[in-house]
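Only one structure is covered here, and it is reproduced in the block below.
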Amino acid sequence: MVSLSYLFCVFVSLLDDDPVSCHVQSKPEGEHKTLFVFGDSLFDPGNNKYLNSSVEGGSISWPYGETFFNHSTGRLSDGRIVPDFVAQFAELPILPPYLQPIAHHFTDGTNFASAGGGVLVQTHPGTINLPAQLSYFKAVVKSLKQKLGDVEAKKVLMRAVYLFSIGGNDYFSFYSENPNASQSYRRQYVGMVIGNLTGVLKEIYDLGGRKIAFQNAGPLGCLPAMKARSPQLGSGCAEEPSALARLHNRALANVLKKLESKLPGFKYSIFDYYNALGDRVNNPSKYGFKNGKAACCGSGAYRGMNCGGGRNGTEPYDLCSNPSEYVWFDGGHTTETANRQLAELIWSGAPNVTGPYNVQQLFGHA
């Protein structure tokens, strides 16, 4: 159990926008958990705040953060995002953005995710793509070795869990440029994304990483922003983006299974985000929501655009009175309430939802 004093400290530190000043009481050797997060806007805790403000997510303003932080932190939600809850379940502090200019405690881990980031370098230039996130991780490895020595640093890296949510932006970019792509061209593109992703995973393995956890690609055609672009759909979802996500998810499952068979000690987890989120969109009341189609914050069809005033902060938008009644907070990102539910599935979901291991089980493996 987490102590009350720790929880109070976290609360106070969050008000100061310094979430790493609190630490869980020391544990016996081998029990301390470490979490490294890679990804896109779904997992970005505010790294893009420290990039050029024209970059996606670089100028996020109120009402983002209204529910939990009472101010904007750079998270694309009304409150906490999935990695915040996973860290909480692991009895870790909320992991800060890697680019936040503070004294980092890398033995807890850190978060490299960037809104707009993709697996491919050419996806949304100016964001922190996955190869750049890997380069940051290499700098962390170097720092850990200097601080702990090679042997202890290796132990930390081998015990750590590496949590990913990435790929969606690669497919959004592809779809916007190739809306009528042939099946063979789509498969070729998915193969390129998976190939580049596999290369990064192998490098993390070579650096000591053994436990990889993925949130797979969601039902991309069901985002309010995507549906707002296609009014002819009625209340349905755009099929082509979701079809790309399904191709990606099958390929991801295959490649992780192959890596497990080839790399000694490699273990992995895949959370079926596609179906977990899709079910909440289609059957919101089953999960305690009132609305699974439209966003809480935004303008236009499904409130799919301009939450917080858009890129320049001046566009008009509507805001619901209770985000917890909605699956979506803005046109592409879920509410804190939805994020907690999704994080619980990542942490302790059954094998048909999160498997072959869930993240709790990954942390438990030596």
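Being a predicted model, the structure only gives us computed values, none of them experimental.
Across Cys307, Cys297, Ser77, a single residue satisfies side-chain contact (heavy atoms from CB on, under 4.5 Å) together with Tyr64, and that is Cys307.
Between Leu51 and Ser114, the shortest heavy-atom contact is CD1-OG, 4.3 Å. Across all non-hydrogen atoms, the minimal contact from Leu42 to Gly332 is CD2-O, 4.0 Å. Closest heavy-atom contact between Phe38 and Gln133: CA-OE1, 3.3 Å.
Between His248 and Tyr171, the two ring planes are perpendicular [angle over 60°; tilted spans 30° to 60°]. Ring planes of Phe69 and His71: perpendicular class, angle over 60° (limits at 30 and 60°). Below 30°, between 30° and 60°, or above 60°: for Phe89 and Trp347 the angle between ring planes is between 30° and 60°, a tilted geometry. Between Tyr98 and Phe112, the two ring planes are tilted [angle within 30° to 60°].
Between Phe214 and Tyr273, the distance from one ring center to the other does not fall under 6.0 angstrom.
Without hydrogens or angle criteria, Thr127 side chain to His124 main chain gives a donor-acceptor distance under 3.5 Å.
Under the 3.5 Å distance criterion, with hydrogens and angles disregarded, a donor-acceptor pair is assigned to the side chains of Thr123 and Asp170. No hydrogens or angles considered: a donor-acceptor pair under 3.5 Å links the side chains of Asp279 and Tyr287. His105 and Asp108 share no side-chain donor-acceptor pair at under 3.5 Å. With 3.5 Å as the limit, one finds a donor-acceptor pair spanning the side chains of Ser299 and Asn306. If you check the side chains of Tyr317 and Arg303, you find no donor sitting under 3.5 Å from an acceptor.
Atom NZ of Lys202 sits in a sparse spot, with 12 or fewer heavy atoms from other residues, nucleotides or ligands closer than 6.0 Å.
Interatomic distance, Asn275 CG to Asn216 CG, rounded to the nearest 0.5 Å: 8.0 Å.
The existence of a salt bridge linking Lys138 and Glu203 is confirmed by a sub-4.0 Å separation between a basic side-chain nitrogen and an acidic carboxylate oxygen. Lys257 and Glu260 are not joined by a salt bridge, as no carboxylate oxygen comes within less than 4.0 angstrom of a charged side-chain nitrogen.
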